[in-house]
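Have a look at the structure below, then the notes.
Values below: every heavy atom of this structure, side chains too, minus hydrogens, waters and symmetry copies.
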Amino acid sequence: MNDPLLPPPAPSPSAPPAALPPERRLIGSRAEMAAAMDALLALRPRMLRIASIDGSHFGLDSRRVMDALLELLRHDHQAHVRVLVDDPTWIETRAARLKLAQRRYPQAIELRVAAVDDPVGEDVIMLADRSHSIDVRAGRLVTGELWLTNAPRAQPLLAGFDRRWDTAAHNLPVSPLGL
């Protein structure tokens, strides 16, 4: 019988950790967007899904972001990164670090172009595993939100991403054709 005056017993080392409560952080600038991405990547997700019109919103050309992605892939050999865009031109011409990472980890980094019938359009999302998400409305001003440990919030975004991913064309080649 538990005595109400005594502290509760310490959890056993084999007990699973308590689930973290959902957390929401508003994003109102590009600096806050970078901080939100850092928070998401610090969780070391096994599956990272990224969707935007061309990939530029997430800084996939920056050394900081690509170092974090490469660290994620080195830390967990089961980790995957999927990038879905409407127009691959920016990735092919401006994201040399991403293309180099794709050459190094072709089994882990997949890049696809969304189908014309179901484009990414205005969606700018990053999903980590099945319960963490960044959902932004990008333009001249960046506004959106980061949700940590909130599967109900991430599920509709995840379903939309997976639907588009499945209908997208094959993966972009690791190196340009003919070279």
Side-chain angles (χ1 to χ4, degrees), residues 24-41 43 45 47-70 72-73 79-103 105-106 108-148 150 153-177:
R24 178 183 180 213
R25 297 181 196 169
L26 295 178
I27 299 171
S29 67
R30 295 191 190 283
E32 290 175 355
M33 172 78 159
M37 287 178 54
D38 290 345
L40 211 79
L41 293 172
L43 297 171
M47 174 62 84
L48 186 67
R49 295 169 176 92
I50 300 170
S52 75
I53 195 163
D54 62 4
S56 64
H57 298 99
F58 292 105
L60 297 175
D61 59 336
S62 77
R63 180 179 209 145
R64 181 187 59 80
V65 172
M66 289 312 303
D67 285 348
L69 283 177
L70 290 173
L72 169 74
L73 296 175
H80 275 73
V81 177
R82 290 183 170 173
V83 180
L84 183 65
V85 297
D86 285 340
D87 181 10
T89 305
W90 184 86
I91 288 176
E92 296 293 342
T93 60
R94 302 278 311 274
R97 287 185 176 94
L98 177 63
K99 293 300 287 182
L100 178 62
Q102 184 192 22
R103 272 188 224 117
Y105 298 97
I109 299 177
E110 299 175 276
L111 309 172
R112 287 190 183 176
V113 177
V116 176
D117 300 344
D118 194 8
V120 173
E122 299 298 317
D123 291 346
V124 178
I125 58 172
M126 180 182 278
L127 303 162
D129 293 332
R130 304 188 73 73
S131 60
H132 315 290
S133 65
I134 294 175
D135 185 11
V136 221
R137 287 155 301 287
R140 291 188 65 162
L141 299 174
V142 175
T143 58
E145 52 195 19
L146 163 69
W147 280 96
L148 299 173
N150 192 342
R153 171 71 177 128
Q155 289 308 310
L157 299 173
L158 185 65
F161 182 94
D162 287 345
R163 181 193 72 243
R164 288 181 180 128
W165 184 262
D166 291 340
T167 61
H170 56 81
N171 291 340
L172 292 175
V174 172
S175 59
L177 298 176

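To the nearest 0.5 Å, atoms CG (Asp118) and OG1 (Thr167) are separated by 5.0 Å. Atom CD1 of Ile109 and atom CZ of Arg103 lie 11.0 Å apart (nearest 0.5 Å).
The closest side-chain heavy-atom distance from Arg49 to Trp165 is not below 4.5 Å. Leu48 places none of its side-chain heavy atoms less than 4.5 Å from the side chain of Val83. Side chains of Arg153 and Arg24 form no contact here, defined as non-hydrogen atoms less than 4.5 Å apart. Contact annotation: the side chain of His57 never approaches that of Val142 to less than 4.5 Å [non-hydrogen atoms, C-beta and beyond]. Side-chain contact between Pro45 and Leu72 is present, with heavy atoms from C-beta onward closer than 4.5 Å. At least one side-chain heavy atom of Leu70 sits under 4.5 Å from a side-chain heavy atom of Tyr105. Asp123 is not listed as a side-chain neighbour of Leu157, based on a closest heavy-atom distance of 4.5 Å or more. You'll find the side chain of Asp135 stays beyond 4.5 Å of the side chain of Trp147, heavy atoms only.
Asp129 and Ser131 share no donor-acceptor pair across their side chains, judged by distance under 3.5 Å alone. One side chain, Asp54 or Ser56, offers a donor N or O that lies under 3.5 Å from an acceptor on the other.
The salt bridge (Lys or Arg N to Asp or Glu O under 4.0 Å) test applied to Arg25 returns Glu23, not counting sequence neighbours.
Ion pair Glu92/Lys99 flagged as a salt bridge, since at least one NZ, NE, NH1 or NH2 atom sits closer than 4.0 Å to an Asp/Glu carboxylate oxygen.
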message = What verdict does the side chain to side chain contact (heavy atoms under 4.5 Å, CB included) test give for Leu40 and Leu127, after you've listed the backbone C-alpha separation in whole Å, the side-chain angles of each residue and the deciding distance to 0.1 Å?
response = CA-CA 9 Å; Leu40 211 79; Leu127 303 162; over 6 Å; no
key: Derivation and outcome, side chain to side chain contact (heavy atoms under 4.5 Å, CB included), residues Val81 and Leu69   = CA-CA 8 Å; Val81 177; Leu69 283 177; 4.1 Å; yes
message = The test is side chain to side chain contact (heavy atoms under 4.5 Å, CB included); show your working for Arg82 and Arg112 and say whether it passes.
response = CA-CA 8 Å; Arg82 290 183 170 173; Arg112 287 190 183 176; over 6 Å; no
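Within a 6.0 Å radius of CG in Leu141, other residues, nucleotides and ligands contribute 12 heavy atoms or fewer. Within a 6.0 Å radius of CD in Gln155, more than 12 heavy atoms belonging to other residues, nucleotides or ligands are found.
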